[in-house]
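Before any comments, here is the structure.
These numbers come from a predicted model, not from an experiment.
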Amino acid sequence: MNPYDHRYADPDSYRQRRSDFVGPPPQMGGPPMISRSGPAPYGAPSASLPGRGSGVVSGSGPGVYPPVGRFDVGGGGGRGGDLDNISLPKQDFGNVVPFEKNFYIESPSVRAMTETEVMIFRSRKEITVEGHDIPKPIRMFHEANFPDVIAKLGFVEPTPIQAQGWPMALKGRDLIGIAETGSGKTLAYLMPALVHVIAQPRLVQGEGPIVLVLAPTRELAVQIQEEALKFGSRASIRSTCVYGGTPKGPQIRDLQRGVEIVIATPGRLIDMLEAQHTNLRRVTYLVLDEADRMLDMGFEPQIRKIIAQIRPDRQTLYWSATWPREVETLARQFLRNPYKVIVGSPDLKANQSINQVVEVVTETEKYNRMIKLLKEMMDGSRILIFVETKKGCDHVTRQLRMDGWPALSIHGDKNQAERDWVLAEFKSGRSPIMTATDVAARGLDVKDIKCVINYDFPSSLEDYVHRIGRTGRAGARGTAFTFFTHSNAKFARELVKILLEAGQVVNHTLSAMARSSTGGSGGNFRSRGRGGFANRGSISGSNTIPIGSKRQLW
DNA sequence: AAAAAAC
C-alpha cells in the first residue's frame with residue numbers, strides 16, 4: 001500500500017475532460033474536409049485534396065493538392081525576439097509551504113538485489129548513472145510501487161530508461177535522463193508526475209498547475225498531452241496543452257478551471273503568464289523535454305523567464321536523446337544535486353534499429369536520386385523527408401507533386417490548422433510522404449515510418465540523430481537515407497563515428513571525407529550550426545555510391 | 001547561410 005493513496009479520496013470531484021484543441025478549429029479556416037474514396041494510387045494522384053478557404057489551387061498540374069507554400073505569414077508576426085523583452089512579475093518564494101516529493105518505496109525484491117546484480121543489470125541494459133545516493137533499478141513494472149490507480153496499466157517490463165529513471169524520479173530528485181529516441185522517455189517522466197500530483201494538496205480556485213512540461217514544438221506538446229490524458233485520466237488528473245497558433249479561449253478556460261498538468265511551448269505560456277491567465281506558483285515538478293533544444297540560444301531566454309516563476313525547491317527533470325557536452329554547465333544552473341542516467345553510449349548515438357545509408361552527392365543530383373529511392377520504396381508506407389529550410393521544403397514538395405507524388409509538407413510558416421491537418425494525413429497514411437523542416441525532427445511518434453530521407457544534411461549531428469529517430473521506433477526497424485554534400489564535410493568525421501557506433505557500413509567516399517576533413521565535433525554547441533566552410537578541394541569528383549538493393553533496405 | 005517559439 002502506498003501511503004499517499006488516500007489523497008484525492010474523491011476522484012469524482014475531478015471532472016475529466018478532453019481538451020478540444022485537436023483538429024483545426026473552424027474559425028481558423030483550417031483545411032477543409034477531405035473527401036476521398038480509398039487509398040490514393042501512388043505515382044498518379046487522383047485524390048481530390050482540398051484547396052484552402054481562400055487559396056484554391058488553379059486546376060493545372062496533377063491532381064488538386066492544396067497549394068504549397070505559406071499561408072499564415074504576416075498574421076502571426078515576429079515570434080522570438082519580442083518574447084525576450086517581456087518581463088514577468090518577480091515571484092517571492094521566501095515563505096513557500098513545503099511539499100512532498102519523495103515517494104519511492106523500494107520493493108523487497110529490489111532491496112534484495114546485490115551490488116553485483118545491480119552492476120550486471122545496468123551493464124546489460126547499458127545504463128550509466130551519476131549522482132549521490134542512487135537508487136537501484138527496478139526490473140519489473142510492479143517494483144516501482146505506483147499507486148494502484150495508475151499501477152494497473154498492463155505494463156510488465158519497464159524500458160531501461162524507465163527501469164532506472166522511475167526510482168530516481170520517484171525519490172523527488174532532479175534528473176538528467178538521456179536515452180535514445182523511441183525508448184519510452186515520455187512515460188519515464190509522466191508516471192512519476194502522476195504520482196507527484198496525487199500526493200499534493202488539491203488545487204484551489206486560482207491556482208495554476210502542479211506539473212509543467214515544456215517542449216520545443218507545438219506538435220510535440222500535443223503528443224505529450226495525449227499521453228498525459230491517456231494515463232492521467234485513470235487517476236482523474238487533468239491536463240491541458242498551451243501552445244501558439246490556435247485560439248487562446250479554450251486554453252484560458254482550461255487553465256482557469258484548474259489543471260494539474262500543463263504541457264506548453266514557451267511562447268504561449270509566457271503570454272498566458274503575462275496576461276495572468278495562470279501562474280506557476282504551485283509548480284513543484286518541472287520537465288524539460290528535448291532539454292538540449294530548450295536550452296539552446298533560441299529558447300534559453302524564454303526558459304529562464306519561465307523558470308524564474310517557479311519555486312526553487314521544485315523537482316526538475318531534463319530529458320533528451322542527445323546531450324551535447326556544452327549544455328551541461330548551463331543546464332546545471334537550474335538543477336540541484338541531480339542524478340544523471342544515460343542509456344547506451346554517453347557519446348552521441350543513434351538508435352541501433354535504424355539502417356543508416358549515407359550517399360555523397362552534389363546538390364543538383366539530390367532530387368533525381370530521391371525519386372529513384374521513392375520508386376524503389378513506395379508501397380504506401382510512410383516516408384519522411386527532411387529539408388533544411390522552409391523555402392526549400394516548399395520547393396521540394398511542389399516538385400514532388402508536379403511529378404505525381406502524394407507529398408504534403410509541414411513547417412513553421414504554415415498555419416497551425418494546416419500543420420495539424422498535414423500531420424494527421426501523414427499519421428493516417430492517407431498522405432504517405434511528408435516533407436518537413438526540423439519542426440518534425442524531435443519527439444514525434446508516428447507509427448510505421450518506413451524511411452527517413454535527409455534531403456539536406458541538418459545543421460548539427462544532434463539534429464541528425466533526432467531526425468533519423470523518427471523511424472525505427474519502439475523496436476521496429478527503419479531506414480534512414482542521407483544525402484551528404486561537400487558543404488557538409490565538417491560533419492563527416494562525427495557522422496562516421498555515429499555510423500560505426502551503430503554498426504553501420506560506412507561508404508568509402510564518406511570515410512575519405514572524414515579523414516581529410518578539418519571538422520572536429522562541429523564546434524561549440526551554442527554557436528554551432530551556421531558558419532564554417534567546408535573543406536573543399538580535398539575531395540575530387542562526384543562520388544555517388546549506388547544505394548543498396550531493395551532487400552538490403554528493410 | 002536556419003528552425004523553432006506569441007499576438
Applying the Watson-Crick and G-U criteria (both distances under 3.5 angstrom) with [ ] for crossing and | for other-strand pairs, one obtains for DNA chain B .......
Specify the separation, in whole Å, of atom CZ of A/Phe491 and atom C1' of B/dA1.
12 Å
Between B/dA5 (C1') and A/Leu295 (CG): distance, integer Å
14 Å
Listed nucleotide nearest any side-chain atom of A/His411, set B/dA4, B/dA5, B/dA2:
B/dA4
So does A/Ala441 get a backbone contact from the side chain of A/Asp438, meaning a donor-acceptor N/O pair under 3.5 Å?
no
Between A/Asp413 (CG) and B/dA2 (P), how many Å, whole number?
12 Å
Send over the distance from A/Gln302 CD to B/dA3 P, rounded to a whole Å.
17 Å
Among A/Ile176, A/Ile161, A/Ile178, whose side chain to side chain contact (heavy atoms under 4.5 Å, CB included) with A/Ile342 holds?
A/Ile178
Rounded to the nearest angstrom, tell me the gap between atom CG in A/Leu444 and atom C1' in B/dA4.
13 Å
Think A/Arg419 has a side-chain N or O under 4.0 angstrom from the OP1 or OP2 of B/dA5?
yes
Can you tell me how far P of B/dA3 sits from CZ of A/Phe386, to the nearest Å?
14 Å
Tell me whether the side-chain N/O atoms of A/Arg218 come closer than 4.0 Å to OP1 or OP2 in B/dA6.
yes
After noting the C-alpha distance and the side-chain angles of A/Ile261 and A/Gln225, does the key distance pass the side-chain contact (heavy atoms from CB on, under 4.5 Å) rule?
CA-CA 9 Å; A/Ile261 301 180; A/Gln225 199 226 348; over 6 Å; no
Below the 4.0 Å mark, does B/dA6 have OP1 or OP2 next to a side-chain nitrogen or oxygen of A/Thr265?
yes
Consider the side chain of A/Lys390, meaning its heavy atoms from C-beta on, and name the nucleotide among B/dA2, B/dA4, B/dA5 that approaches it most closely.
B/dA4
side-chain contact (heavy atoms from CB on, under 4.5 Å) with A/Pro338: which residues, sequence neighbours excluded?
A/Asp174, A/Arg332, A/Leu335
Applying side-chain contact (heavy atoms from CB on, under 4.5 Å) to A/Tyr318 and A/Trp323, what does each step give before you reach the verdict?
CA-CA 10 Å; A/Tyr318 291 169; A/Trp323 192 245; 3.6 Å; yes
Donor-acceptor pair, A/Lys366 side chain versus A/Tyr455 backbone, under 3.5 Å?
yes
Respond yes when some side-chain nitrogen or oxygen of A/Thr217 is under 4.0 Å from OP1 or OP2 of B/dA5, and no when none is.
no
Without swapping roles, check the side chain of A/Gln223 against the backbone of A/Gly443 for a donor-acceptor pair under 3.5 Å.
yes
What is the distance, rounded to the nearest whole Å, between atom CG of A/Leu220 and atom P of B/dA5?
11 Å
Write down the distance between CD (A/Glu388) and C1' (B/dA4), rounded to a whole number of angstrom.
12 Å
